[in-house]
Amino acid sequence: MNHQQAQDTMQAAGLYNLREVDGKGLGRALVVDSNWVQTGQSPAAGTKVAPDTVITLTAIKYTDKP
């Protein structure tokens, strides 16, 4: 799923304390969220968490080579 969809899903579940990470480790800002694809999240999907839990969403650009 793209990064925007991931954020929308988290917010629909009442989770707003979201942290974005460039999965390539280049420190790039995720400016146009729909240009990025999710590669991971912490805590893992399906984990029950308190609403104030920090959720880290890791993504790479669609144009990045894996």
Side-chain angles (χ1 to χ4, degrees):
M1 109 176 17
N2 75 41
H3 184 62
Q4 183 62 61
Q5 292 168 321
Q7 288 182 57
D8 293 346
T9 300
M10 296 293 164
Q11 292 169 355
L15 302 170
Y16 294 93
N17 198 357
L18 306 177
R19 178 175 172 255
E20 303 173 327
V21 175
D22 175 358
K24 287 290 193 176
L26 301 174
R28 299 173 292 182
L30 283 66
V31 177
V32 180
D33 295 331
S34 60
N35 288 343
W36 295 75
V37 62
Q38 284 307 120
T39 58
Q41 85 178 47
S42 178
T47 303
K48 293 188 183 217
V49 297
D52 62 343
T53 300
V54 175
I55 308 293
T56 301
L57 300 173
T58 303
I60 60 172
K61 285 188 155 207
Y62 280 103
T63 56
D64 288 340
K65 294 193 171 146

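Note that this is a predicted model, so its numbers are computed, not measured.
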Q | Where at least one partner belongs to residues 29-43, residue pairs that pass side chain to side chain donor-acceptor pair (under 3.5 Å), sequence neighbours excluded | A |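 Side chain to side chain donor-acceptor pair (under 3.5 Å) check on residues 29-43 returns H3-Q38, Q7-D33.
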Q: Could you identify which residues cluster with V32, counting Ile, Leu, Val, Met, Phe, Trp and Tyr as linked when any side-chain heavy atoms lie under 4.5 Å apart, either directly or through a chain of such contacts?
A: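 Cluster partners of V32: V31.
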Q. Taking the hydrophobic residues Ile, Leu, Val, Met, Phe, Trp and Tyr, and joining any pair whose side-chain heavy atoms are under 4.5 Å apart, which ones share a cluster with V54?
A.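 For V54, no cluster forms, as it stays isolated from other hydrophobic side chains.
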Could you give the distance from [atom1] ([X]) to [atom2] ([Y]), rounded to the nearest 0.5 Å?
X   : Y   : atom1 : atom2 : result
I55 : Q11 : CD1   : CD    : 11.5 Å
M1  : T9  : CE    : OG1   : 4.5 Å
L30 : L18 : CG    : CG    : 12.0 Å

(Q) Between T53 and N17, is there a side-chain heavy-atom distance shorter than 4.5 Å? (A)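 Side chain of N17 against side chain of T53, heavy atoms only: no contact under 4.5 Å found.
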Q. L26 versus K61: any side-chain heavy-atom pair under 4.5 Å?
A.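 The answer is no, as the side chains (C-beta and beyond) never meet within the 4.5 Å cut-off.
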**Q.** Closest non-hydrogen atom pair between G23 and T58, with its separation
**A.**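 That would be CA-CG2, 3.5 Å.
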Q) With sequence neighbours excluded, what pairs up with T47 under the side-chain contact (heavy atoms from CB on, under 4.5 Å) test? A)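 Per chain and number, T47 pairs via side-chain contact (heavy atoms from CB on, under 4.5 Å) with P43, A44, V49.
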(Q) I'd like to check the salt bridge (Lys or Arg N to Asp or Glu O under 4.0 Å) partners of R19; sequence neighbours left out, ordered by chain and number. (A)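 Salt bridge (Lys or Arg N to Asp or Glu O under 4.0 Å) check on R19 returns nothing, list empty.
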Q. With Q5, which residues qualify under side chain to side chain donor-acceptor pair (under 3.5 Å), at least two apart?
A.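 For Q5 there are no side chain to side chain donor-acceptor pair (under 3.5 Å) partners, ignoring immediate neighbours.
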